[in-house]
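Quick notes on the structure that follows.
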Amino acid sequence: MADPRVRTAPGVPGALAGRRVLEVGDEKGMYAGKLLADLGADVIRVERPGGDAARGLPPLLRGAPAPGASVPFFYLNAGKRGVTLDLEHPRARELFLRLAGGADVVIESLPAGGLDALGLGFGALRATRPELVLVSLSGFGRSGPRRGFATSDLVAAALGGLLQVTGEAEDPPVMLAGMQACAAGSLVAAAGALVALLHARRSGRGQHVDVSLQESAAALGHICGAPKWLDDGIVPRRAGSGLFASVPSGAYACRDGLAYLMVNRPAHWTALARWVAGATGVQEILDPMFEGPSSARLPYRELVDLWVAELAARFDVAGFCREGQERHLAVTPLQGAAAVARDPQLAARGFFVDVAQPGGGSLRLAGAPYRLSATPWRVQRPAPAPGEHNAELLGGELGLGADELGALARAEVV
Amino acid sequence: MPGGALAGLRVLELTAAMAGPWIGRFLAWCGAEVIRIESREHPDVVRQYVPPRAPERGVQPELSPWFAEWNAGKRFVALDLRRPEAVALALRLASISDVVIENFSAGAVERLGLGYEDLRRARPDLVFLSTSGLGDTGPCRSHVTWGPNVEALSGLAALSGFPGRPGAFTQYAHPDGIGALHGLVAVLAALDHRARTGKGQAIDLSQYEATAATLGVELLELAVGGEEPPRPGNRSRAAAPQGVYRCAGEDRWCAVTVADDEAWRALCGVIGRTEWEADPCLATREGRLAHADALDAGIEAWTAARPAEEAMARLQAAGVAAGVVQTAADLARDPQLAARGFYEEVEHLRAGCAVVTGVPLGLTGTPGQSGRAGGRVGEDNEYVLVGLLGLGRDELRRLEALGAVQPPDPR
């Protein structure tokens, strides 16, 4: 059952073993299917013949000219199977509906209303199987005055309120790496699918799950959102590394790099104040006026920052983090990708997994975001080549003969 | 089915701050009964709230808007878990629960006798989620972290931001939310597994790993190329031009993504740059990427002359992805969010009513609902201990006298 192209512990079925998911659309929803696939679901990505445009998303894997050489495509689709169908063609739509009839969930991120226009909307899908769950991931949801707006990860992060509070005060608002608005929307889509599946298991009825990237982003950033503003009238803005409500917090310069320190609890402040006083001789920091929750220190942010900076400058990053953690203070290094790739904590937990790449060799992929004790997280296979599973799914399962499949392929229906 | 998609499910929380409670918040919205154990000795950091508009009132444990955000719709029981009688009550609560979520400091629930091995004896098919900064195993498992620490640790900050500028941090503790959403997915998948097999399990969630998983493309780029991926600022290698452009007014901006050649021609039309549209050097994404600085300057010359809302409306009308960089105040009056009823008004036990951020699950067949906010520590002792566990009132008074159960402060 284990794919020899993936070097992970084989064997135990995942939590979602037996669940089948069809996925169609652009890169915005790919992480949703990946989450479900790595939990054991059989996720089938439906692409247009020859493969979706997302297979060309830069950067490309070196020395691998084949379609599927895109780094984003490879990571976000590892674990899935792939079929190709030209949904503009009636025969392909019929095959899609037959595949949907054997699935538990369809996840789509086509342009708003795209599935309906193809005659593959929720009504048509539900007719194939009453328990079916359809998840539509779109920029703004399927209702409301802006349902037809065009979107992107950046635009969703902007309208969801994330950009305004990310980056330096003197710079323009800036996005996060990793298409984080799409990641949030995909996580919400996966969760919505699973809630609907649990409900369908009891009720026998599926439903349409209508996920908005803007709402997913606004929910993720709610600490800086509308309800807080309604409460206190403060509009949060970009402020560099320090969190506006926590004093001290921020990235401080050690001798060889930056470390992040944050104090939230009164006991943590006491430990930090003693450390600063002991190491730097600054006794004023022990004044009781600074004690208590962060709010007590909000008026003294600049002064406290100076003292912490003086402390941090005496250490290298590793020493500052070690001594801080020994005092139960939240002090961590600022790491780039290379430092993450060799982080001993991740190594001890076996975070990275090796997956074969097209054209030979293997690639190290970021691994499990969670550990399930009875049903281990697992990458089931490398990302599929275009139409890699046409024969086993359209032929083997739906019963198309080799001749018919060949004819459909020549007509570019599959 | 009345009461939401997860009606009948019971969840017990040993949680504080956001990362744990926000998971239960989603489940409560879906109709699950969510019970949080708290104590006076270890108050949730978010209950240490001093209202910025009235600091003279001091700490107001029920009034934090964040406390409402993370706990609307839950029940609150107050137990002093240093007492064996209280631990026994917690075990009885676990025995009638389907899910337990904990995010106490490393090793704390085990020391209390409320770790997974203890709880599964009380409830063999329990789904148990432990969420922490760095996970329950490994040399750094006991490290203390908050959400922003994980932005630093995971590469998120260093990989984000403008070239030559500091790595970008958020003001909203991004990994707290990302970790919680991953935790939610894991719990739901484990419930589906339990429904099929009858078996529960323990889930170990590391915010660090969950955040790193969302950076899988950047981490793979490093593995392939051997070099640190460049900081992108607001640019994309897949779409050009893309940026955040200054608009009229103080700190007003509009984000724009030109996704393809069709959107490029539309952009040129809207901003009156017919010479760009005619320029073959700019007809392809690669060509536009090579001239990104000049294009950004030209687009900003147009946006800077008008309000962000106008820039967005005119670009969207032509099919170009564009969006105002919204503030908290903008979100409160966003017509799209309002039309979809995203923000919810709920009953607040202290303040009368409160607005909370919606839960974006989009369940059109079984729409969820946010419940009441502003519960005190121990608000629902009677409901939980008498109503659910069947304790007699005399027994409750005895446990209160012992200090195992802590009655709520009078209103």
Side-chain angles (χ1 to χ4, degrees), chain A residues 15 39 58 72 75 144 146 150 152 154-155 158-159 161 163 165-167 172-173 176-178 183 187 191-192 194-195 199 207-208 210-211 215-216 219-224 226-229 231-232 235 241 260 262 293 295 330 332 334 336-337 340 345 348-349 364 366 369-371 373-374, chain B residues 5 48 50 52 65 138 140 144-146 149 152-153 155 158-160 168-172 177 181-182 184-186 188-189 193 201-202 204-205 210 213-217 219-220 222-223 228 237-238 244 255 257 316 321 323 325-328 331-332 336 339-340 355 357 360-362 364-365:
Chain A
L39 285 163
Y75 175 66
R146 293 180 180 168
S152 67
L154 181 75
V155 166
L159 281 165
L163 286 188
V165 288
T166 303
L176 293 173
L187 282 157
L194 291 170
V195 172
H199 177 258
Q207 60 181 299
H208 192 175
D210 172 20
V211 176
E215 290 177 358
S216 301
L220 190 71
H222 69 264
I223 290 181
C224 296
K228 191 201 165 281
W229 173 75
D231 181 73
D232 64 18
V235 174
S241 63
Y260 198 95
M262 178 162 174
S295 50
T332 48
L334 180 79
V340 170
Q345 172 70 7
R349 287 165 61 83
R364 283 187 85 206
Y370 25 60
R371 316 298 170 109
S373 63
Chain B
Q48 312 260 36
V50 178
C140 304
V144 179
T145 60
W146 299 94
N149 291 97
L153 195 59
L159 289 164
S160 306
F169 283 85
T170 76
Q171 291 294 313
Y172 61 89
L181 290 174
H182 278 94
L184 177 67
V185 168
L188 292 166
H193 174 255
Q201 58 184 315
D204 165 16
L205 182 128
T214 69
L215 296 166
V217 170
L219 290 166
L220 180 54
L222 169 86
E228 200 71 22
R237 284 170 286 192
V244 171
T257 298
Q316 285 283 1
V325 174
Q326 299 212 93
T327 66
L331 288 169
Q336 177 67 9
R340 286 169 59 84
V355 173
T357 303
L361 287 174
T364 61

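Proteins come first, then strands; the chains are lettered A, B, ... in the order of their sequence lines, and each starts at number 1.
Heavy-atom minimum distance, B:Tyr172 versus A:Cys224: CB-SG, 4.0 Å. In terms of heavy atoms, B:Thr364 sits closest to A:Gln207 at N-OE1, 3.5 Å. Across every non-hydrogen atom of B:Leu205 and A:Tyr370, the tightest pair is CD1-CD2, 3.9 Å. Residue B:Ala255 comes nearest to A:Val155 through the heavy atom pair O-CG2, 3.9 Å, listed as atom of the first residue, atom of the second, then distance.
Both the backbone and the side chain of B:Gln48 come within contact range of chain A, judged by heavy atoms closer than 4.5 Å. For B:Ala213, the parts lying under 4.5 angstrom from a heavy atom of chain A are both the backbone and the side chain. Only the side chain of B:Leu222 has a heavy atom closer than 4.5 Å to any heavy atom of chain A. Of the two parts of B:Gln336, the backbone and the side chain both hold a non-hydrogen atom closer than 4.5 Å to a non-hydrogen atom of chain A. Within the 4.5 angstrom heavy-atom criterion, only side-chain atoms of A:Pro293, from C-beta onward, approach chain B.
For the set B:Ala328, B:Gly323, B:Ala223, the entry with the most heavy-atom pairs within less than 4.5 Å of chain A is B:Ala328. Interface summary for chain A: among B:Gly177, B:Ala152, B:Ser160, the most heavy-atom pairs under 4.5 angstrom belong to B:Ala152. With chain A as the partner, the residue from B:Gly365, B:Pro360, B:Pro52 showing the most heavy-atom pairs under 4.5 Å is B:Pro360. Of the listed residues B:Thr327, B:Val144, B:Val355, the one with more heavy-atom pairs under 4.5 angstrom with chain A than any other is B:Val144. Among A:Ser152, A:Ala183, A:Ser216, A:Pro172, the residue with the largest count of heavy-atom pairs under 4.5 Å with chain B is A:Pro172. In terms of non-hydrogen atom pairs under 4.5 Å with chain B, the most contact-rich of A:Ala374, A:Ala337, A:Gly192, A:Gly336 is A:Ala337. Ranked by heavy-atom pairs shorter than 4.5 Å toward chain B, the options A:Leu39, A:Asp210, A:Leu194 are led by A:Asp210. Between chain A and the options B:Val50, B:Leu188, B:Thr145, heavy-atom pairs under 4.5 Å are most frequent for B:Leu188. Of the listed residues (A:Ala366, A:Ser241, A:Ala348, A:Gly167), the one with the most heavy-atom contacts under 4.5 Å to chain B is A:Ser241. The choice from B:Ala158, B:Gly216, B:Gly155 that makes the most heavy-atom pairs within less than 4.5 Å of chain A is B:Gly216.
Side-chain contact between B:Asp204 and A:Arg349 is present, with heavy atoms from C-beta onward closer than 4.5 Å. Looking at A:Val211 and B:Leu361, their side chains never come closer than 4.5 Å, going by heavy atoms from C-beta outward.
Interatomic distance, CG of A:Leu176 versus OG1 of A:Thr166, reported as 5.0 Å (0.5 Å rounding). Atom CG of A:Leu159 and atom CG of B:Leu331 lie 8.5 Å apart (nearest 0.5 Å).
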Run the numbers on B:Leu181 and A:Leu220 for side chain to side chain contact (heavy atoms under 4.5 Å, CB included), then give the verdict. CA-CA 9 Å; B:Leu181 290 174; A:Leu220 190 71; 4.1 Å; yes

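The side chain to side chain donor-acceptor pair (under 3.5 Å) test applied to B:Thr214 returns A:Gln180, not counting sequence neighbours.
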